[in-house]
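Owing to the predicted nature of the structure, the values given are computational and were not obtained by experimental measurement. For the single chain, residues carry numbers from 1 onward in sequence order.
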Amino acid sequence: MIHQWKRALREGASGVFERGSSKKAAIDEEQLKELYAKIGELALANSFLERKLKPWGGK
């Protein structure tokens with residue numbers, strides 16, 4: 001099995017490092033929505049913590 005992986009790596013590794021590849025990354029719209037939701041959630045938590053930590057010398 002390891003030999004198969006090494007052979008696959010040797011045959012396809014150059015494609016990983018090529019610049020200007022014509023392939024575009026497939027964007028999963030559902031995953032993108034989940035990531036934006038998580039970013040919003042974390043931003044909200046950060047602002048909450050920033051406000052709560054001000055009395056103790058926070059930002």
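With rounding to the nearest 0.5 angstrom, the CG atom of L42 is 10.5 Å from the CG atom of L49. Put simply, CG on L9 and CD on Q4 are 13.5 Å apart, with the number rounded to the nearest 0.5 Å. Between the CG atom in L44 and the CD1 atom in I39 there is a gap of 13.5 Å [rounded to 0.5 Å].
The pair K33-E30 fails the salt-bridge criterion, with no side-chain N (NZ, NE, NH1 or NH2) lying under 4.0 Å from an Asp/Glu carboxylate O.
Side-chain contact between I2 and K6 is present, with at least one heavy-atom pair separated by less than 4.5 Å.
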